[in-house]
Structure formats: structure tokens, C-alpha cells
Amino acid sequence: MSIAYNDLKHAILGSGPMGILISTLIAQKFDEVTLWIPDKDLVEDLKRRRQTEIMGKTVDLPDHIEIVSSLDPFGRDDWAFHIAMPSRSFIDTLHSLIDVLEPNNSYLFSLFTKGILDSKYRKKTGFVTYSQYLKHQLTEKNFKSTSIAVANGPSLLAEMMEEKLSFFNIGSSDPKSREYLA
């Protein structure tokens, strides 16, 4: 089964500066954007104020970004998940997310989380990268239509905040996913 990229809803997982910034950028191109933040109090605060500060600059959150603290909305429909969270939160969040997803739906995962797997998981699984671990988890749960991409680059957040030209790499074994994310 192939992914219908134009039908994907977009979700950003992460409440840090990168997650919030990515949500505002994606909201410039898509009408349905969901920002998932695990902290219910922060969710309520952002819903009320619709802005936050990143690196000394005020960032407005467009009204069409839905801000949620539950993963339950992701249990239906086809999604592009843009994961930008601290590495220490990645594994637990990933397991919670996979538990609510429907294996017959289509999913694109773009990972902005930096680093490598914790030594405990490297020893347990033999995997080093988050993308390897995610692929293994999706295969184990019999997901039919998924693609994984990794985005990385130097000083990505600072350059994006200053609206300067920036470069980063998008790596994926699927050329369509790379093109779509670029």
C-alpha cells in the first residue's frame, strides 16, 4: 500500500522550540495541523495565549493549529508525524503513539530528534538510531503503509528563527517521502 501524501493530516509531537516552530511553518502550507504537547497546563496556556517566546522572539501560533495533550486523536486517519522532542522522551512517546495508531492506515514519520538510542535500548535491540528502532516497532506491529525520514542539520533552529537561509538533510529510503518533506 502506498501513502497518499496529499491526504495526510499533519501532527507535530513536541513542545520545545523546534516543535513549536515546525508547527508554525507547517501551518503556512496546510489547513489541518495538530501540535501535541504532553503537558496539559502548557496546552491550556498556549490555547489561551496563542503565542510563546523562542530565543527572545515572540512566536504566534496560527488559529488553525489544534493544540492537544492526548494522543487519542491520532488513532484514526492518515498522518504525517513530525517528531521534534528531546531524545529522553522519544521512546516512551513513540510506544504510546504506536499503541493508538491503526496499523492499516498510512503514516509518514519525520524525525527531528537528535542523538542516538540510549545504551539500554542499543544493547537490548542492537539498533543505534531512532529511525531503526521506529522501523522495527512498526514492523513488529504489522503496520502496512509507513515511511520514515530523518531531518538534521547544523544550527537549524537558530537560522530558522532568524529567517535566514538554512540547509538541512532529509534522509529516507523512500524518494517520495524525501520529496514531500522537502
Side-chain angles (χ1 to χ4, degrees), residues 3 8-27 30 32-47 52 54 59 61 65-153 156-157 160 168 170-172 177 181:
I3 296 174
L8 295 174
K9 291 184 175 185
H10 289 266
I12 298 81
L13 280 62
S15 59
M18 185 59 100
I20 290 173
L21 184 58
I22 289 171
S23 71
T24 63
L25 294 172
I26 290 175
F30 298 99
E32 291 188 54
V33 177
T34 303
L35 173 60
W36 175 81
I37 298 172
D39 182 329
K40 290 179 184 179
D41 293 334
L42 180 56
V43 166
E44 292 309 313
D45 184 51
L46 285 174
K47 282 181 176 180
T52 191
I54 300 174
V59 175
L61 294 167
I65 295 177
E66 181 182 5
I67 308 168
V68 300
S69 61
S70 170
L71 294 169
D72 292 339
F74 307 128
R76 50 196 179 277
D77 300 316
D78 298 337
W79 289 90
F81 292 108
H82 310 283
I83 303 174
M85 63 180 47
S87 56
R88 66 184 175 278
S89 306
F90 184 88
I91 297 292
D92 289 339
T93 301
L94 177 67
H95 285 275
S96 296
L97 175 63
I98 288 174
D99 285 346
V100 301
L101 298 181
E102 170 57 46
N104 292 319
N105 288 353
S106 295
Y107 303 104
L108 170 61
F109 296 87
S110 65
L111 309 182
F112 290 83
T113 299
K114 293 184 177 185
I116 59 174
L117 282 173
D118 175 290
S119 62
K120 173 178 92 174
Y121 287 100
R122 286 194 313 265
K123 289 177 185 173
K124 183 178 175 182
T125 64
F127 302 125
V128 174
T129 67
Y130 293 112
S131 59
Q132 290 171 321
Y133 186 79
L134 172 57
K135 182 178 181 179
H136 174 75
Q137 293 300 310
L138 294 171
T139 301
E140 288 245 317
K141 304 263 182 174
N142 295 315
F143 279 75
K144 307 287 186 259
S145 180
T146 63
S147 184
I148 301 168
V150 177
N152 62 34
L156 191 61
L157 179 64
M160 291 166 62
F168 57 95
I170 298 174
S172 177
S177 293
L181 290 170

Between Leu108 and Leu181, does a side chain to side chain contact (heavy atoms under 4.5 Å, CB included) hold up when you go through it step by step? CA-CA 10 Å; Leu108 170 61; Leu181 290 170; 4.0 Å; yes
So Ile3 and Asp78, side chain to side chain contact (heavy atoms under 4.5 Å, CB included) or not? Walk me through it. CA-CA 9 Å; Ile3 296 174; Asp78 298 337; over 6 Å; no
Let's go through Thr24 and Leu61 carefully: what are the C-alpha distance in whole Å and the side-chain angles of both, what is the deciding distance for side chain to side chain contact (heavy atoms under 4.5 Å, CB included) to 0.1 Å, and is it a yes or a no? CA-CA 6 Å; Thr24 63; Leu61 294 167; 3.7 Å; yes
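Residues Gln132 and Leu117 are not in side-chain contact: their nearest non-hydrogen atoms beyond the backbone lie 4.5 Å or more apart. Counting heavy atoms from C-beta on, the side chains of Leu35 and Val33 never come closer than 4.5 Å. Side-chain contact check for Tyr107 versus Leu138: every heavy-atom pair is 4.5 Å or farther apart. Pro73 has its side chain out of reach of Trp36: every pair of non-hydrogen atoms, C-beta onward, lies at least 4.5 Å apart. Using a 4.5 Å heavy-atom cutoff, the side chains of Gln137 and Phe127 are not in contact. With a 4.5 Å cut-off on side-chain heavy atoms, Lys40 and Ser69 count as touching. Between Ile12 and Ile26 the shortest side-chain heavy-atom distance falls below 4.5 Å. Put simply, the side chain of Leu97 reaches to within 4.5 Å of the side chain of Phe109, judged on heavy atoms.
Lys144 places a side-chain N or O within 3.5 Å of a backbone atom of Asn142 that can act as its donor or acceptor partner.
Residue Ser106 comes nearest to Leu8 through the heavy atom pair O-CD2, 4.1 Å, listed as atom of the first residue, atom of the second, then distance. Considering all non-hydrogen atoms of both residues, Ile20 and Ser15 come closest at CD1-O, 3.3 Å.
Annotation: the span from Asn104 atom CG to Phe143 atom CZ amounts to 9.0 Å, rounded to 0.5 Å. Put simply, CE on Met85 and CG on Leu94 are 9.0 Å apart, with the number rounded to the nearest 0.5 Å. To the nearest 0.5 Å, atoms CG (Leu101) and OG1 (Thr146) are separated by 10.5 Å. Rounding to the nearest 0.5 Å gives a distance of 9.5 Å between CG of Leu71 and CG of Asp99. Between the CD1 atom of Ile83 and the CE atom of Met18 there is a distance of 14.0 Å, given to the nearest 0.5 Å. The CD1 atom of Ile98 lies 5.5 Å from the CG atom of Leu134; values are rounded to the nearest 0.5 Å.
Ring pair Tyr133/Phe90: centre-to-centre distance not below 6.0 Å.
Checked options Arg76, Glu32, Glu66; the residue passing with Lys9 is Glu32 (criterion: side-chain contact (heavy atoms from CB on, under 4.5 Å)).
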